[in-house]
Asks: 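I'd like to ask some things about the structure below.
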2 protein chains.
Amino acid sequence: MPERTSAKNLSKMDRDRLDHLYEHLQKISPRTIGYPCNQAWDYSELFRFLEFSINNVGDPYEGSNYRLNTHEFECEVLDKFSDYTKADKSDFWGYVTTGGTEGNMYGLYLARELYPQGVVYFSEDTHYSVAKILRLQHTRNIMLKSQENGEMDYDDLRESVRLNRDAPPIVFANIGTTMKGAVDNLDKIREVMREFVIPNYYIHCDAALSGMILPFLDNPPPWTFADGADSISISGHKMIGGPLPCGLALARKQYVDRVARSVEYVGVLDTTITGSRSAFAPLMLWYALRTLKDEGLENNAKHSLAMARYAVARFNEKGVPAWRNTNSVTVVFPHPAKSVMEKWVVAPNRGIGHLVALPHMNEALIDSFIDDYCEARSDEPVDERRIPGSKDPRRGSTSNAGLI
Amino acid sequence: MPERTSAKNLSKMDRDRLDHLYEHLQKISPRTIGYPCNQAWDYSELFRFLEFSINNVGDPYEGSNYRLNTHEFECEVLDKFSDYTKADKSDFWGYVTTGGTEGNMYGLYLARELYPQGVVYFSEDTHYSVAKILRLQHTRNIMLKSQENGEMDYDDLRESVRLNRDAPPIVFANIGTTMKGAVDNLDKIREVMREFVIPNYYIHCDAALSGMILPFLDNPPPWTFADGADSISISGHKMIGGPLPCGLALARKQYVDRVARSVEYVGVLDTTITGSRSAFAPLMLWYALRTLKDEGLENNAKHSLAMARYAVARFNEKGVPAWRNTNSVTVVFPHPAKSVMEKWVVAPNRGIGHLVALPHMNEALIDSFIDDYCEARSDEPVDERRIPGSKDPRRGSTSNAGLI
């Protein structure tokens, strides 16, 4: 007789292990302050949909023979994101991905299909996964220097483009770098293109975390489709938050169509990268957007920025040279001591650590971390107190310091 | 004040839409017989873990700074799969993926890194996503003819390898094709390599569905690491089943290590493709393996084969030329009539349809489908009764007929 997975077949030992995991997660979650994952959410209302073999295989706009899907909800999520990213509705396409990496992969794939001889420019502060994607996709690329605050060095971009004017530039712009929350400026990037009268270029924006903060600020830096982006990747499990990594790949539809036509002759009718896709992730995002509404999302963005300001002020009061970029919820400080790393889940990298201020955080939590940080710091020799933002000849974000 | 997603903010209209979706899924699930997704499972015991921002970012064996993970459970799942795929434990590596596509992408990426000048050979019955991956990864490739039963045409492989002896062959073997469940024979593939004294070649096995059937049969065809596979992709949401697409990328560790060393210099320390990864999927697979145990998995495989045999016999009794490949749970029959397609969720493609017999199916369900099929068929003109297995000059599996 066939059998089904069922709790009644779970041994006492295995049940204890699950209970232990649950307790561990309960304990460690509140101390996870160095990663960009909002923890203020509750999707229990949706768990009943996990009774079905749901799957959003294929293009959300094209429909599917596999009728156990949530494409309709996915399209509504995408429509909201077309607002947040100031897209031209008639020239917009997207889908819900497995996370930020897939969104970046999608943008870089589109760019390379449009400009097979193109060169990708990205700063040394870019997340390590981008080098991985470029390797996977066999795309020519040049790593640029960063400025001290983590932003792309536009002089280096200018010089590199000047030396490669025969190759269409594909600029990978960080809309909030992993370690320092720095935003590469689309106006300055386009200025370089104009300077060298480059007829064809492409800009992809990695707005993993900030893509759900900047839409709710009064004077955001240029980062949207209206500002010249050709594709944008935003994570779902970061600012919105959730138990499963997910994200959005957004792009100008005319490019997607052009690439779709060119691959159709090899029999590829699916425009997404993954094929089978979670039907739960789009439902989760839909639920968050419908229950929080724009007002809630704005409150969350503003609360997070207020918490980041608060953390910088508190650090500075205590003599710690912490800082943050404008509009960023990422607070940078010198590498914490070992004892702090054991108690708190932070993501230090090359001499610096950071705290990512998010909706679930409050002053008490931040105070508690800063107290531990300063206490441990006073026990350390002065030469261990490294300076944040200090340059390293090797690139910024290796190791899995930053989720994407 | 910050806000959290919460059921209390859900409007009446939105709640009704969710209820409607739930009812739709309840109604359509039992009639979803044309896709390879087992529906006999219950993971409700694990829903409590969806309260946390869990994430299995990075290599499951390397540990992670992000401590809200289930890497330990993932490694146990992988260990079981090393048994099922007859891997040498000292030369085995893997991770839980977002689905079959990522597992195939991983294998083909490894192969291309090892043999940058290699040519990928794959049959016309291969899932359309493979052409997509090869395009994404810029890998040279040749599509081979298939035999009538869906298996690779080994003469075409021989002839193609003969004409390209300077390029290391990378053979993409289907261990169960999407439409006909045909298994490409690793012995015959290796025979071709021996014939032309090819020193370097690579075999990737796409065992999406059958990878969890063949380990439990007495005389499976050659498909494991012991039979010469270099990497294997298996889906989690197919034979095991679950609400979220997932899968396993499995490979010989020596290759993974070699590629890891060569990419390290560009700062890539993460050996997985996606980076951020679901921590729930490995937990789900762990739970299935621990509650079903090998005995339950074997019962499920044998029940599914018995149901497939039953379906072929019933179809044939009624004069329908249905058939299946040995060891396959996929029953092939002529394209069903439109009315059948409206009631049942099947995945017809180029003149044929199929039923995938799985653990949740029983005789009554199969009878019910066959009755509807035959009734509608008798209403159709004879020339519409197309012959299964009939060749088409274009390739086999386009459209999203087959999930991966």
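In the text below, chain A, chain B and the rest are named by the order of the sequence lines, each starting its count at 1.
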Asks: Would you check if Ile28(A) and Leu68(B) make a side-chain contact, meaning some heavy-atom pair closer than 4.5 Å?
Replies: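 When only atoms from C-beta onward are counted, Leu68(B) and Ile28(A) do touch, with a gap below 4.5 Å.
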Asks: Looking at Arg67(B), Met105(B), Gln137(B), Arg31(B), which makes the most heavy-atom pairs under 4.5 Å with chain A?
Replies: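 Among Arg67(B), Met105(B), Gln137(B), Arg31(B), the one with the most close pairs to chain A is Arg67(B).
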Asks: Would you mind checking which part of Leu283(B) comes under 4.5 Å of any heavy atom in chain A, side chain (CB onward), backbone (N, CA, C, O), both or neither?
Replies: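 Just the side chain, heavy atoms under 4.5 Å.
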Asks: When heavy-atom pairs shorter than 4.5 Å are enumerated against chain B, which of Glu298(A), Arg48(A), Gln26(A), Glu295(A) gives the highest number?
Replies: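 Most pairs with chain B among the choices: Arg48(A).
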Asks: Please flag which part of Met361(A) lies under 4.5 Å from any non-hydrogen atom of chain B: side chain, backbone, both or neither.
Replies: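 Neither part; nothing is under 4.5 Å.
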Asks: Can you tell me which of Glu45(A), His138(A), Arg277(A) forms the most heavy-atom pairs within a distance under 4.5 Å of chain B?
Replies: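 Between Glu45(A), His138(A), Arg277(A), the count favours His138(A).
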Asks: Pick from Leu244(A), Asp14(A), Asn299(A): which one has the most heavy-atom pairs with chain B under 4.5 Å?
Replies: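 Option with the greatest count: Asp14(A).
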Asks: Rounded to the nearest 0.5 Å, what separation is found between the OG atom of Ser11(A) and the CZ atom of Arg290(B)?
Replies: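 So the gap between those two atoms works out to 6.0 Å.
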Asks: Under 4.5 Å, counting heavy-atom pairs only, tell me which of Lys8(A), Glu51(A), Arg15(A) racks up the most with chain B.
Replies: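 It is Glu51(A).
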Asks: Pick one of side chain, backbone, both or neither for Leu46(A), based on which atoms fall under 4.5 Å of a heavy atom in chain B.
Replies: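 Just the side chain, heavy atoms under 4.5 Å.
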Asks: Quick one: does Arg112(A)'s side chain have a donor or acceptor within less than 3.5 Å of a partner on Leu136(B)'s backbone?
Replies: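 Yes; judged by distance alone, with no hydrogens or angles, the pair exists.
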Asks: So does Glu3(B) pair up with Lys293(A), basic N to acidic O under 4.0 Å?
Replies: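 A salt bridge is absent here (no side-chain N lies under 4.0 Å from a carboxylate O).
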Asks: Tell me, side chain or backbone of Met13(B) under 4.5 Å from chain A's heavy atoms, or both, or neither?
Replies: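 Answer is side chain: those atoms of Met13(B) sit under 4.5 Å from chain A.
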Asks: Is the shortest heavy-atom distance from the side chain of Phe49(A) to the side chain of Leu25(B) under 4.5 Å?
Replies: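 Yes. Closest side-chain heavy atoms under 4.5 Å.
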Asks: Is chain A contacted by the side chain of Asn69(B), its backbone, both, or neither, given a heavy-atom distance below 4.5 Å?
Replies: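 It is the backbone, since no side chain atom gets that close.
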Asks: Please round to the nearest 0.5 Å and tell me the distance separating atom CH2 of Trp286(B) and atom CG of Leu21(A).
Replies: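 Reported to 0.5 Å precision, the distance equals 9.0 Å.
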Asks: Drop me the distance from Tyr287(A)'s OH to Ser6(B)'s OG, to the nearest 0.5 angstrom.
Replies: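 Reported value, rounded in 0.5 Å steps: 6.0 Å.
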Asks: Which answer fits Thr97(B), side chain, backbone, both or neither, if we ask what part of it has an atom under 4.5 Å from a heavy atom of chain A?
Replies: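 For Thr97(B), neither part sits under 4.5 Å from chain A.
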Asks: With Arg17(B) as the cation and Phe73(A) as the aromatic partner, state whether NZ or CZ is under 6.0 Å from the six-membered ring centre and within 45° of the axis.
Replies: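 The answer is yes; both the distance and angle limits are met.
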Asks: Check each atom of Asn362(B) against the heavy atoms of chain A and say whether the ones under 4.5 Å are side chain, backbone, both or neither.
Replies: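 No part of it gets close to chain A.
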Asks: Could you grab the distance from atom CG of Leu297(B) to atom OG1 of Thr5(A), nearest 0.5 Å is fine?
Replies: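 If I round to the nearest 0.5 Å, the distance is 10.5 Å.
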Asks: What option among Thr291(B), Asn9(B), Thr98(B) has the most heavy-atom pairs under 4.5 Å with chain A?
Replies: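 Maximum pair count with chain A is reached by Thr291(B).
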Asks: Give, as side chain, backbone, both or neither, the part of His24(A) having an atom under 4.5 angstrom from any heavy atom of chain B.
Replies: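 Interface part for His24(A): side chain.
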Asks: Could you have a look at Asn300(B), Leu292(B), Leu50(B) and say which one has the most heavy-atom pairs with chain A under 4.5 angstrom?
Replies: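 With the most close heavy-atom pairs to chain A, the winner is Leu50(B).
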Asks: Of the backbone (N, CA, C, O) and the side chain (C-beta and beyond), which part of Glu62(B) lies under 4.5 Å from a heavy atom of chain A, both, or neither?
Replies: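 Looking at Glu62(B), nothing touches chain A.
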Asks: Considering only heavy atoms, which portion of Met307(B) lies under 4.5 Å from any heavy atom of chain A: side chain, backbone, both, or neither?
Replies: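 Neither part, no heavy atoms under 4.5 Å.
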Asks: Can you tell me how the ring of Tyr66(B) sits relative to the ring of Tyr35(A), calling it parallel under 30°, perpendicular over 60° and tilted otherwise?
Replies: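 Correct class here is perpendicular.
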